Structures are given as C-alpha cells and as structure tokens.
Amino acid sequence: MGIRQKLLSFLFSQLILVLMVSNHSNAMGLKLGYYHKTCPNAESIISKTSYRFISRAPTLAAPLLRMHFHDCFVRGCDGSVLLNSTKTNISEKDAIPNQSLRGYHVIDAVKSAVEEACPGVVSCADILALVARDSVSMIHGPYWKVPLGRRDGRVSILNEVFAELPAPFANITQLKQMFAAKGLNTKDLAVLSGGHTIGTSHCIGFTNRLYNFTGKGDTDPSMDPKYIVKLKQKCKPRDTTTLVEMDPGSFKTFDEAYYTLVAKRRGLFQSDSALLDDPETKAYVILQASTHGSTFAKDFAESMVKMGQVGVLTGNQGEIRKHCALVN
C-alpha cells in the first residue's frame with residue numbers, strides 16, 4: 001500500500017508540474033503586437049469602439065474589468081464567460097456570480113467592428129483583455145501593454161464558476177489558495193482586489209454582514225459599526241435589487257481610495273476585509289492607504305498582465321469565434 005501511495009503521490013506531483021509548465025508555455029505563446037501583420041489596426045479599432053461606450057457610460061468600465069477577471073479565473077482567459085447557454089448546457093454566463101456582469105453589448109460591438117476589418121483573425125478572449133485595459137485607462141486608471149494571441153475556448157460550464165471564482169464571502173485562506181491555483185501570489189491578491197475601487201454591488205453580496213453574520217441575527221465584528229448603520233439605511237435584509245457603491249464617493253474613478261476604506265474597516269465584502277487578516281496583504285493595504293497609492297497603478301498594471309496569461313489557449317488550440325456568444 002505504501003509503495004502504491006508513493007507512486008500515486010509522485011504521479012500527482014508530476015501532473016501538477018505538467019499543468020504548471022503547460023500554463024506557462026501557453027503564456028509564452030502570447031506576444032505584444034501579435035496582430036501587427038494579420039490585423040494591423042486591431043488595437044486602435046478596439047480602443048475607439050470601447051471609447052464610444054465608456055465616454056457615454058463610464059460606469060461600464062467596472063463590469064468590463066470584472067468580466068475579464070471572471071473569465072480568467074474559470075478555464076483561463078479563453079472567452080468562456082461570453083458563451084451563451086444552449087439547450088444541452090448551462091454556461092458560466094448564467095451562474096449567479098456572473099449574472100451581475102454587464103457590458104456584453106460592448107464586446108459584441110467591438111467584435112463586429114474588428115470582424116469587418118479582419119474577418120476571423122482576432123479572438124474574443126483578446127478583445128476582452130484589451131477592452132478591460134482600455135476601460136480602466138479611460139477612467140484615469142493605469143495603462144498596460146497587453147500581450148496577445150489568446151484563442152477562444154469552446155467549453156463553458158455553470159458549475160465550474162462556483163469552484164473556481166473567489167466569492168465575496170471568502171476568507172483570506174480561501175482567497176490565497178484560489179489565487180495560488182492560478183499562479184497568482186499574495187501580492188497579486190492584494191493588488192487585484194483594488195479593482196473594487198470602481199463599480200457597484202447588489203445588497204445581497206454583503207447583507208449577511210449587516211443582519212445575520214453567524215446565523216444569530218448579528219453583525220460582522222470586522223466591519224466599522226458606523227458603516228454598518230449607513231449600509232442598513234440602504235439595504236433591507238432581503239433586498240436583491242438595490243445597488244451600493246463599492247468605493248463610496250469615487251466609485252467611477254480608478255484610484256487608491258479602496259485601500260483607505262479597507263484600512264478603516266469599511267471594505268464592502270468579507271473578501272475585502274479579509275485583506276487585513278494576513279501580514280502581507282495588510283501591509284500592502286496600509287502602504288497604499290498611507291501613501292496615496294504610491295505604487296498601486298504600476299502594481300495593478302503588472303498583476304493584470306500576469307492574470308491575463310492564466311490558462312490561455314494559443315497556437316492551434318481552441319478557435320477564433322465569429323460571434324463571441326457562440327462557438328463556431
């Protein structure tokens with residue numbers, strides 16, 4: 001039995017190694033200026049089309065950034081979050097955590113503009129990565145160069161979302177494990193959580209902290225009691241429709257205010273407050289809160305490039321979808 005277990009353990013560690021290497025080698029297949037010859041204007045078409053929407057509705061930036069994040073955490077950055085459900089399969093798009101995503105019409109408009117210029121060349125996964133970058137940049141956030149060459153996946157499964165996507169109720173141990181599984185470290189966790197500086201959430205994402213934290217009708221002791229009072233004025237116990245700003249006062253602007261709020265125990269989600277429960281993530285929160293985000297923009301750009309390489313399909317894998325919501 002001992003030998004068999006050792007052999008299984010060895011094979012398992014080899015499998016993990018293979019997965020890590022394949023993840024890494026695929027990411028090596030991405031490069032800057034990937035469409036330079038096949039679709040030279042791709043990036044400018046994507047940027048101009050995105051601008052048309054973001055300039056009119058800046059609040060779209062947050063869900064478009066989240067869409068890229070939600071895509072990369074399930075099956076890697078392969079555009080699987082964009083696929084519609086079919087008669088035989090319920091897709092990621094219909095999972096509860098993804099039902100609050102919006103901006104699919106932006107992706108569709110960008111895709112049709114790119115298809116007009118260069119049919120069948122640019123993937124939906126690359127479009128999503130670029131639109132996320134452009135959206136952040138257009139609301140005064142950092143700009144980063146996006147290595148391209150992702151291909152689109154053909155599989156999208158509802159149940160995988162719950163297993164792979166970090167929940168707003170997650171504690172620091174769960175968050176670190178889920179990020180590590182994607183090749184992202186503790187610093188990436190602290191940095192990418194800063195994406196909550198923009199956007200809104202439905203009350204249902206955090207009302208347990210206000211009304212029934214341990215099932216005894218109590219509040220979350222890790223949250224500032226004065227903030228709880230304010231949130232209770234906006235959200236009643238079973239409210240599923242009201243939207244609340246994640247970063248009150250500057251939820252439309254990409255800035256470091258998120259860290260100031262978390263440091264004051266005013267993070268909206270348990271997963272925000274959890275950043276204070278680990279020495280490394282807490283130190284990062286305090287650093288950004290006390291230095292007006294001295295390194296946040298640079299760090300965010302670096303972590304986004306890293307996240308954008310998680311589990312990508314390259315070369316002959318996957319396909320280039322004609323329409324982002326449907327496999328070819």
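Everything numeric in this text was worked out from a predicted model, so none of it was measured.
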For this session: May I ask you to check whether over 12 heavy atoms, not counting those of Ile157, lie within 6.0 Å of atom CD1?
Result: yes
Exercise. Taking the six-membered ring for Trp, are Tyr258 and Phe251 ring centroids under 6.0 Å apart?
Worked result: no
Problem set entry | Student check: side-chain heavy atoms of Ile139 and Thr253 closer than 4.5 Å | no
Exercise. Got a salt bridge between Glu43 and Arg133, using NZ or NE/NH1/NH2 to carboxylate O under 4.0 Å?
Worked result: yes
For this session: Kindly give the heavy-atom pair with the smallest separation between Leu276 and Val262, and that separation in Å.
Result: CD1-O, 3.3 Å
Exercise. Between Asp247 and His196, do the side chains contain an N or O donor and an N or O acceptor separated by less than 3.5 Å?
Worked result: no
Problem set entry | Asp78/Arg151 ion pair, N-O < 4.0 Å | no
Problem set entry | Ile286 atom CD1: more than 12 heavy-atom contacts under 6.0 Å | yes
Problem set entry | Candidate pair Ser273 and Arg266, rule side-chain hydrogen bond (donor to acceptor under 3.5 Å, both in side chains), full reasoning | CA-CA 8 Å; Ser273 300; Arg266 291 185 164 215; over 6 Å; no
Exercise. Heavy-atom distance under 4.5 Å between the side chains of Met223 and Leu231, does that happen here?
Worked result: yes
Exercise. Transitively linked via ILVMFWY side-chain contacts under 4.5 Å: Val305 with Phe296?
Worked result: yes
Exercise. Would you call Glu302 and Lys306 a salt bridge, using N to O less than 4.0 angstrom?
Worked result: no
Exercise. Does Lys145 reach the main-chain N or O of Gly33 with its side chain, forming a donor-acceptor pair under 3.5 Å?
Worked result: no
Seminar exercise, completed: Looking only at heavy atoms, the pair that brings Thr207 and Pro237 closest together is OG1-O, 4.1 Å
For this session: Check whether any side-chain N or O of Thr49 sits under 3.5 Å from a backbone N or O of Val110 as a donor-acceptor pair, and report yes or no.
Result: no
Exercise. Do Tyr34 and Pro147 have side chains that get closer than 4.5 Å, going by heavy atoms?
Worked result: no
For this session: Please assess Glu280 against Lys187 for the test side chain to side chain contact (heavy atoms under 4.5 Å, CB included), listing each intermediate value before the final yes or no.
Result: CA-CA 7 Å; Glu280 191 181 341; Lys187 182 182 179 182; 3.9 Å; yes
Exercise. Going by an N to O cut-off under 4.0 Å, is there a salt bridge joining Arg75 and Glu164?
Worked result: no
Problem set entry | Chi angles and distances behind the side chain to side chain contact (heavy atoms under 4.5 Å, CB included) call for Asp299, Tyr284 | CA-CA 11 Å; Asp299 293 341; Tyr284 190 83; 2.7 Å; yes
Exercise. Rounded to the nearest 0.5 Å, how far does OG of Ser250 lie from NZ of Lys252?
Worked result: 11.5 Å
Exercise. Would one find more than 12 heavy atoms of other residues, nucleotides or ligands at under 6.0 Å from atom CD of Gln99?
Worked result: yes
Problem set entry | Side-chain heavy-atom pair Thr240, Cys203 within 4.5 angstrom cut-off | no
For this session: Give a yes or no answer on whether the side chain of His323 reaches the backbone of Ala325 with a donor-acceptor pair at less than 3.5 Å.
Result: yes
For this session: State, yes or no, whether a side-chain contact exists between Tyr51 and Asp134 at a heavy-atom distance under 4.5 Å.
Result: no
Exercise. Just wondering, are more than 12 heavy atoms of other shown residues or ligands nearer than 6.0 Å to CZ in Phe169?
Worked result: yes
Exercise. Quick check: does any side chain N or O of Asp71 sit under 3.5 Å from a backbone N or O of Gly79, one acting as donor and the other as acceptor?
Worked result: yes
For this session: State whether the side chain of Asn212 and the backbone N or O of Gly217 hold a donor-acceptor pair below 3.5 Å, judged by distance alone.
Result: yes
Exercise. Between the side chain of Lys182 and the main-chain N/O of Val310, is any donor-acceptor distance below 3.5 Å?
Worked result: no
Exercise. If you take all heavy atoms of Leu287 and Thr291, which pair is closest and at what distance?
Worked result: O-OG1, 2.7 Å
Exercise. Just wondering, are more than 12 heavy atoms of other shown residues or ligands nearer than 6.0 Å to CG in Asn316?
Worked result: no
Exercise. Does Arg56 count as lying over the ring of Phe53, i.e. NZ or CZ under 6.0 Å from the six-ring centre, within 45 degrees of the axis?
Worked result: yes
Problem set entry | Leu60 with Val244, same ILVMFWY side-chain cluster at under 4.5 Å | no
For this session: Check whether any side-chain N or O of Arg150 sits under 3.5 Å from a backbone N or O of Leu30 as a donor-acceptor pair, and report yes or no.
Result: no
Exercise. Can you find a pair of side-chain heavy atoms, one from Gln270 and one from Asn208, that are under 4.5 Å apart?
Worked result: yes
For this session: For Val312 and Gln317, work out which heavy atoms get closest and say how close.
Result: O-OE1, 4.2 Å
For this session: Could you tell me whether the side chain of Gln174 reaches within less than 4.5 Å of the side chain of Ser271, counting heavy atoms only?
Result: no
Exercise. Quick one: do the Thr197 and Glu256 side chains pair a donor with an acceptor below 3.5 Å?
Worked result: no
Exercise. Considering only heavy atoms from C-beta outward, does the side chain of Leu148 approach that of Lys31 to under 4.5 Å?
Worked result: no
Exercise. Can you list the steps and then say if Asp224 with Arg265 is a salt bridge (charged side-chain N to carboxylate O under 4.0 Å, His left out)?
Worked result: CA-CA 5 Å; Asp224 173 3; Arg265 298 168 55 216; 5.7 Å; no
Exercise. Would Glu319 and Arg154 pass as an ion pair if we require N to O under 4.0 Å?
Worked result: yes
Exercise. Taking atom types as modelled and ignoring hydrogens, do the side chains of Tyr35 and Asn41 form a donor-acceptor contact shorter than 3.5 angstrom?
Worked result: no
Exercise. Does the side chain of Glu245 pick up a donor-acceptor pair with the side chain of Thr200 at under 3.5 Å?
Worked result: no
Problem set entry | CG (Leu326) with more than 12 external heavy atoms under 6.0 Å | yes
For this session: Go through the steps to decide whether Lys282 and Asp277 satisfy the test salt bridge (charged side-chain N to carboxylate O under 4.0 Å, His left out), and finish with yes or no.
Result: CA-CA 7 Å; Lys282 183 178 181 177; Asp277 298 335; over 6 Å; no
Problem set entry | Under 3.5 Å donor-acceptor, Asp218 side chain and Phe213 backbone | yes
Exercise. More than 12 non-hydrogen atoms from neighbouring residues, nucleotides or ligands closer than 6.0 Å to NZ on Lys230, yes or no?
Worked result: no
Exercise. Would Leu158 and Val81 show up in the same hydrophobic cluster when neighbours are defined by side-chain heavy atoms closer than 4.5 Å?
Worked result: no
For this session: Please test Phe254 against Phe300 for side chain to side chain contact (heavy atoms under 4.5 Å, CB included), starting from the C-alpha separation and ending with a verdict.
Result: CA-CA 11 Å; Phe254 202 94; Phe300 193 80; 3.6 Å; yes
Exercise. Can you name the nearest heavy-atom pair linking Ala190 to Thr281, along with the distance?
Worked result: CB-CG2, 4.0 Å
Exercise. Can Leu130 be reached from Val106 by stepping across I, L, V, M, F, W or Y side chains whose heavy atoms are under 4.5 Å apart?
Worked result: yes
Seminar exercise, completed: In short, Asp108 meets Cys324 closest at the heavy-atom pair OD1-CB, 4.3 Å
Exercise. With distance as the sole criterion, is a donor-acceptor pair present between the side chains of Asp239 and Thr242 under 3.5 Å?
Worked result: yes
Exercise. To the nearest 0.5 Å, what is the distance between NE2 (His68) and CG (Leu101)?
Worked result: 13.0 Å
For this session: Verify, without hydrogens or angle tests, whether Asp94 (side chain) and Ser91 (backbone) share a donor-acceptor contact under 3.5 angstrom.
Result: no
For this session: Would you sort out whether Asn89 and Thr86 count as a side chain to side chain contact (heavy atoms under 4.5 Å, CB included), showing the intermediate values?
Result: CA-CA 5 Å; Asn89 175 63; Thr86 62; 3.6 Å; yes
Problem set entry | Whether Ser135 side chain and Leu64 backbone form a donor-acceptor pair below 3.5 Å | no
Problem set entry | Cluster link Leu184 to Trp144, ILVMFWY, side chain under 4.5 Å | yes
